[in-house]
**Q** 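Below is a structure I'd like to ask you about.
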Amino acid sequence: MGKTKLAYISIVGKPNAGKSTLINLLVGEKVSIVADKPQTTRQRILGVLTLEDAQFIFLDTPGWFPPKHLLGEYMQKTIKKTIEDSDIVLYVIDSSVELDDDNRTLLKFVKDQGKPYLVLLNKIDMVSSKYIEERKKEVIALGVSEEKIIEISALYGTNKELLIEKLKEIAPEGEFLYPPDMLTDQTDKFFIAEIIREKIIHLTYQEVPHSVAVYVDDIEEKKDGNLLYIRATIIVERPTQKAIIIGKDGQMLKKIGTLARMEIESYYQKQVYLDLWVKVREKWRKKPEILRELGYE
């Protein structure tokens, strides 16, 4: 084999730009949860794509937005640190929405790092070519050369191969760091907690998705390894949110548990018993000790 390419590639952008959908597309399997609500991704998620001549380590990040609490500050620091640590930056823009000050601030930060970057105009399946051209002109007006802009649909995989070829061109040479079959460095506890949180985001409304966290207390194999017993705690900030998640006669919690269990069973290919509890931890997003406990350091 000839020389190989290796790159850490951060995926950044505003909430709902399609970053998590993109990393799942590139890696070829779900490594990051997806929802149409802001702040779905809260931590850096690593996904690995190994090709014959290149290994790309993609780093999904939270959506860029002005922080309103300690958790928000943690998320913004995570984005900046991930950009600083990466070899290449993929800046994902929702092409169906006009650029705003948050877009400009993040783009300036990316450009100021002086490292290779690409601007991805995502969701081209949702808008007309005229709208895409308007977005492109806005990006070029901010000092981005046209060859750095790629139109994509992370949902349908449009221009995926073009993006990968472009990454091969600009990636530095290097030896592979991960085995070819490794897709992510997530622990089982983190992955399962994220699946549960994703179902809560999809099934609840208003303030609940932003105020919820999930912690997996215990994973235990039973019945000679054929059954996975999982005990997890759902944390909210107010009793009213707890009531919403539990639902009338416990129906909402049952629905969350069923959907999460089905996906976990599909992933691990074994029977799962999911034991869910709900606790109130007031203003947990503003308390450093609780954030540390939940893994936001």
Side-chain angles (χ1 to χ4, degrees), residues 5-29 31-32 34 41 45-64 79 82-83 85-100 102-173:
K5 297 288 189 88
L6 174 76
Y8 279 91
I9 303 168
S10 55
I11 301 176
V12 303
K14 285 185 59 180
N16 294 340
K19 301 180 297 299
S20 297
T21 304
L22 178 63
I23 193 173
N24 292 340
L25 169 75
L26 291 168
V27 172
E29 191 164 313
V31 294
S32 187
V34 177
T41 302
I45 309 290
L46 182 146
V48 183
L49 171 65
T50 302
L51 306 166
E52 206 171 300
D53 54 351
Q55 187 171 78
F56 298 137
I57 302 142
F58 296 105
L59 303 164
D60 189 16
T61 61
W64 178 272
I79 300 165
T82 305
I83 292 171
D85 290 346
S86 58
D87 301 300
I88 300 169
V89 182
L90 297 181
Y91 181 26
V92 186
I93 291 175
D94 181 348
S95 59
S96 68
V97 182
E98 289 182 13
L99 300 190
D100 61 12
D102 288 340
N103 287 118
R104 296 181 188 94
T105 302
L106 179 55
L107 181 58
K108 183 179 184 306
F109 183 81
V110 170
K111 290 173 66 181
D112 286 350
Q113 303 311 300
K115 56 186 64 182
Y117 71 91
L118 297 171
V119 174
L120 308 183
L121 297 182
N122 190 26
K123 304 187 184 181
I124 61 170
D125 52 290
M126 292 175 55
V127 295
S128 67
S129 55
K130 181 187 173 188
Y131 219 86
I132 296 164
E133 282 305 310
E134 287 176 6
R135 279 307 76 70
K136 190 181 282 188
K137 285 177 183 174
E138 284 180 315
V139 173
I140 291 171
L142 294 172
V144 178
S145 58
E146 195 164 351
E147 61 266 21
K148 290 183 183 289
I149 304 170
I150 301 178
E151 300 167 17
I152 67 160
S153 168
L155 186 62
Y156 294 105
T158 310
N159 287 335
K160 172 188 171 184
E161 294 308 319
L162 173 66
L163 172 57
I164 288 173
E165 287 307 311
K166 192 74 175 175
L167 289 173
K168 284 184 185 180
E169 285 175 25
I170 60 179
E173 290 181 0

**Q** So does E151 pair up with R135, basic N to acidic O under 4.0 Å?
**A** no
**Q** Nearest 0.5 Å, please: how far is CD in E165 from CG in N159?
**A** 12.0 Å
**Q** Treating T61 as the side-chain partner and I11 as the backbone partner, does any N or O pair qualify as donor plus acceptor under 3.5 Å?
**A** yes
**Q** What pair of heavy atoms forms the shortest contact from G18 to A154, and how long is it?
**A** O-CB, 4.1 Å
**Q** Could you tell me the separation between the CD atom of E146 and the CD1 atom of I140, rounded to the nearest 0.5 Å?
**A** 4.5 Å
**Q** Could you tell me the separation between the OG atom of S96 and the OH atom of Y131, rounded to the nearest 0.5 Å?
**A** 7.0 Å
**Q** Could you give the distance from CG (L163) to CD1 (I150), rounded to the nearest 0.5 Å?
**A** 5.0 Å
**Q** Before giving the answer on side-chain contact (heavy atoms from CB on, under 4.5 Å), spell out for L106 and I83 the whole-Å C-alpha distance, their side-chain angles and the decisive distance to 0.1 Å.
**A** CA-CA 10 Å; L106 179 55; I83 292 171; 4.1 Å; yes
**Q** How long is the straight-line distance from NZ of K5 back to CG of L51, given to the nearest 0.5 Å?
**A** 12.0 Å
**Q** For the pair K111 (side chain) and L142 (backbone), establish whether a donor and an acceptor sit closer than 3.5 Å, ignoring hydrogens and angles.
**A** yes
**Q** Would you confirm whether N122, through its side chain, and V92, through its main-chain N or O, come within 3.5 Å as a donor-acceptor pair?
**A** no
**Q** In terms of side-chain geometry, is the basic nitrogen of K137 or E134 positioned less than 4.0 Å from the acidic oxygen of its partner?
**A** no
**Q** Identify the two heavy atoms, one from Y91 and one from N103, that lie closest to each other, and give their separation to 0.1 Å.
**A** OH-O, 2.8 Å
**Q** Start with the C-alpha distance between I170 and L118, add both sets of side-chain angles, then the distance that settles side-chain contact (heavy atoms from CB on, under 4.5 Å), and finish with yes or no.
**A** CA-CA 10 Å; I170 60 179; L118 297 171; 4.2 Å; yes
**Q** Of I9, L46, L49, which meets side-chain contact (heavy atoms from CB on, under 4.5 Å) against I57?
**A** L46
**Q** Where is the tightest heavy-atom contact between V127 and S95, given as atom of each residue plus distance?
**A** CG2-OG, 3.8 Å
**Q** Is a side-chain donor or acceptor of K19 paired with a backbone partner of K14 at a separation under 3.5 angstrom?
**A** yes
**Q** Examine K148 relative to Y117 and say whether NZ or CZ is less than 6.0 Å from the centre of the six-membered ring and inside a 45° cone about the ring axis.
**A** yes
**Q** Verify side-chain contact (heavy atoms from CB on, under 4.5 Å) between V12 and W64, making sure each step is shown before the conclusion.
**A** CA-CA 8 Å; V12 303; W64 178 272; over 6 Å; no
**Q** Could you tell me whether K168 atom NZ has more than 12 heavy atoms of other residues or ligands within 6.0 Å of it?
**A** yes
**Q** Closest heavy-atom contact between V89 and K115?
**A** CG2-CD, 4.1 Å
**Q** Rounded at 0.5 Å granularity, tell me how far CG in L22 sits from OG in S153.
**A** 10.0 Å
**Q** Answer yes when D94 and K123 have at least one side-chain N-carboxylate O distance shorter than 4.0 Å, and no when they do not.
**A** yes
